[in-house]
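The structure under discussion appears below in the form of structure tokens.
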Amino acid sequence: MLILFLATICGVGGTLTAIDNLGQIGSSLGYPTRSTGTFVSLVSIWNYLGRVVTGFGSEILLERYKFPRTLMLTIILVISCAGHLLIAFNVPNGLYFASIIIGFCFGAQWPLLFAIISEIFGLKYYSTLYNFGSVASPIGGYLLNVRVAGHLYDKEARKQMAALGLVRKPGEDLNCNGVKCYQLAFLITTFATLFGAFVSFILVVRTRKFYRSDIYKKFREEAKAAETEMAMDNGMMTMTTTTIATTEVKGGQRKSETS
């Protein structure tokens with residue numbers, strides 16, 4: 001679980017950093033203000049598509065080809081690096097494509113994460129592990145968004161103000177322009193995501209035999225055992241009800257004969 005948790009911190013934290021800063025990224029790279037709404041819409045649409053496509057797609061690939069979900073998670077993390085690099089090097093119109101890639105990868109990680117938890121660890125402690133996995137999002141967001149992207153953005157903004165001979169007034173927001181504002185931050189985010197992909201690949205190696213087997217066998221056995229137990233309970237209840245009814249009828253007959 002710690003391997004999966006670490007991979008999620010790097011993957012979700014990186015994509016969340018880009019999503020939270022889309023407006024400032026667009027402004028610093030010289031995109032028109034109206035494009036901010038476009039970026040947000042692209043992220044929202046592809047976030048939804050990432051959840052749906054990955055959920056159904058991973059299930060189909062797993063059933064037909066024994067393609068492990070852990071490997072799909074690793075691939076998604078590698079793909080998200082392309083979005084981070086488009087931002088870091090300010091590719092012309094790259095932020096539109098980055099919004100699509102990052103939105104899709106952010107949405108794709110969640111169904112894979114929770115499906116992997118249920119398959120590897122079972123359902124007994126699923127609610128606890130579900131929430132444990134969800135905590136990776138704010139942790140990754142804090143580390144990469146606040147401590148890395150936010151700090152480096154403010155540092156570059158202060159450097160630009162000093163170069164212009166300006167002094168920051170109390171309470172004044174820092175404003176940074178140019179590719180340098182987020183370049184180093186997203187290079188660091190890219191390396192962090194690649195590290196998360198490497199950690200995720202370790203999980204792929206450790207679970208390869210598990211995913212080659214019939215992973216749903218135990219769930220079918222548990223469901224069959226539950227159905228058998230339920231049928232036995234219903235049978236016992238029916239027998240008890242019949243016995244009580246028979247006893248009441250016999251008791252009524254004896255009272256009639258006595259009177």
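The figures here come from the full heavy-atom set of this structure, side chains too, leaving out hydrogens, waters and symmetry mates.
Put simply, the side chain of Leu71 does not reach to within 4.5 Å of the side chain of Arg208, judged on heavy atoms. Residues Thr189 and Ile87 are not in side-chain contact: their nearest non-hydrogen atoms beyond the backbone lie 4.5 Å or more apart. Two residues are said to be in side-chain contact when any heavy atoms from C-beta on lie closer than 4.5 Å; Ile116 and Leu4 meet this criterion. Side-chain atoms of Val148 and Leu143, non-hydrogen and from C-beta on, never get closer than 4.5 Å to each other. You'll find the side chain of Leu6 reaches within 4.5 Å of the side chain of Phe195, heavy atoms only. Put simply, the side chain of Phe97 does not reach to within 4.5 Å of the side chain of Val91, judged on heavy atoms. Considering only heavy atoms from C-beta on, Thr38 stays 4.5 Å or farther from Tyr31 through its side chain. With a 4.5 Å cut-off on side-chain heavy atoms, Pro68 and Leu62 do not count as touching.
Listed by chain and number, the residues in a ring pair (Phe, Tyr, Trp, His ring centres under 6.0 Å) with Phe114 are Trp110, Tyr130 (sequence neighbours excluded).
Looking only at atom types and distance, the side chain of Ser35 has a donor-acceptor partner in the side chain of Tyr96 under 3.5 Å away. Tyr182 and Gln24 form a side-chain donor-acceptor contact under 3.5 Å, judged by distance and modelled atom types alone.
Hydrophobic clustering of Ile, Leu, Val, Met, Phe, Trp and Tyr side chains at less than 4.5 Å, counting indirect connections, keeps Phe104 apart from Val40. Linking ILVMFWY side-chain heavy atoms closer than 4.5 Å, directly or via other members, places Tyr211 and Ile60 in two distinct hydrophobic clusters. In this structure, Leu152 is not a member of the same hydrophobic cluster as Phe89, with clusters built from ILVMFWY side-chain heavy atoms closer than 4.5 Å. Side-chain heavy atoms closer than 4.5 Å link hydrophobic residues (I, L, V, M, F, W, Y) into clusters, and following such links, possibly through other members, connects Phe39 to Tyr48. Under the 4.5 Å side-chain contact rule for hydrophobic residues, Ile76 and Phe198 share a cluster.
Atom CG in Leu112 sits 5.5 Å away from atom OG1 in Thr54 (nearest 0.5 Å). For the atom pair Cys181 SG and Leu174 CG, the distance stands at 10.5 Å (nearest 0.5 Å). Annotation: the span from Cys10 atom SG to Leu194 atom CG amounts to 10.0 Å, rounded to 0.5 Å. Phe106 CZ to Ser44 OG: the interatomic distance, rounded to the nearest 0.5 Å, is 10.5 Å. In this structure, CZ in Arg206 is found 9.5 Å from CD1 in Ile120, a value given to the nearest 0.5 Å. With rounding to the nearest 0.5 angstrom, the CG atom of Asn90 is 4.5 Å from the CG atom of Leu29.
Checking side-chain atoms of Glu59 against main-chain N and O of Gly55 turns up no donor-acceptor pair under 3.5 Å. Remark: side-chain polar atoms of Asn47 are not paired, donor with acceptor, to backbone N or O of Val43 under 3.5 angstrom. Not one N or O on the side chain of Ser137 forms a donor-acceptor pair closer than 3.5 Å with the backbone of Ser134. The backbone N or O of Ser127 lies less than 3.5 Å from a partner atom in the side chain of Asn131, making a donor-acceptor pair. Remark: side-chain polar atoms of Ser200 are not paired, donor with acceptor, to backbone N or O of Gly196 under 3.5 angstrom. No donor-acceptor pair under 3.5 Å is formed between the side chain of Arg64 and the backbone N or O of Leu61.
The minimum heavy-atom distance between Leu187 and Leu85, with the atom names listed, is CD2-CD2, 4.1 Å. Here the shortest heavy-atom pairing between Leu95 and Gly26 reads CD2-CA, 3.6 Å. Across all their heavy atoms, Gly11 and Leu77 have their closest contact at CA-CD2, 3.3 Å. In terms of heavy atoms, Val12 sits closest to Gln109 at N-OE1, 3.2 Å. Arg51 approaches Gly107 most closely through the heavy-atom pair CG-O, 3.1 Å. Taking both residues in full, the closest heavy atoms of Cys176 and Gln160 are given as SG-NE2, 3.5 Å, listed atom of the first, atom of the second, then distance.
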**Study point:** side-chain contact (heavy atoms from CB on, under 4.5 Å) between Leu113 and Leu73, worked out
**Key:** CA-CA 8 Å; Leu113 171 65; Leu73 178 62; 5.8 Å; no
Exercise for review: Go through the steps to decide whether Ile102 and Ser80 satisfy the test side-chain contact (heavy atoms from CB on, under 4.5 Å), and finish with yes or no.
Suggested key: CA-CA 6 Å; Ile102 290 170; Ser80 67; 5.6 Å; no
Exercise for review: Begin with the C-alpha distance, continue with both residues' side-chain angles, and end with the deciding distance and a verdict on side-chain contact (heavy atoms from CB on, under 4.5 Å) for Ile117 and Met1.
Suggested key: CA-CA 8 Å; Ile117 290 174; Met1 184 64 199; 3.9 Å; yes
Check your understanding: Step by step, would you call Glu119 with Thr207 a side-chain contact (heavy atoms from CB on, under 4.5 Å)?
Key -> CA-CA 11 Å; Glu119 290 167 352; Thr207 58; over 6 Å; no
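When Phe121, Phe5, Tyr125 are each tested for a ring-ring contact (aromatic ring centres under 6.0 Å, His included) with Phe132, only one passes: Phe5.
Residue Lys66 places its NZ atom among more than 12 non-hydrogen atoms of other residues, nucleotides or ligands, all under 6.0 Å distant. Within 6.0 Å of CZ in Phe201 there are 12 or fewer heavy atoms belonging to other residues, nucleotides or ligands. Counting non-hydrogen atoms of neighbouring residues, nucleotides and ligands closer than 6.0 angstrom, the CZ atom of Phe191 reaches no more than 12 such neighbours.
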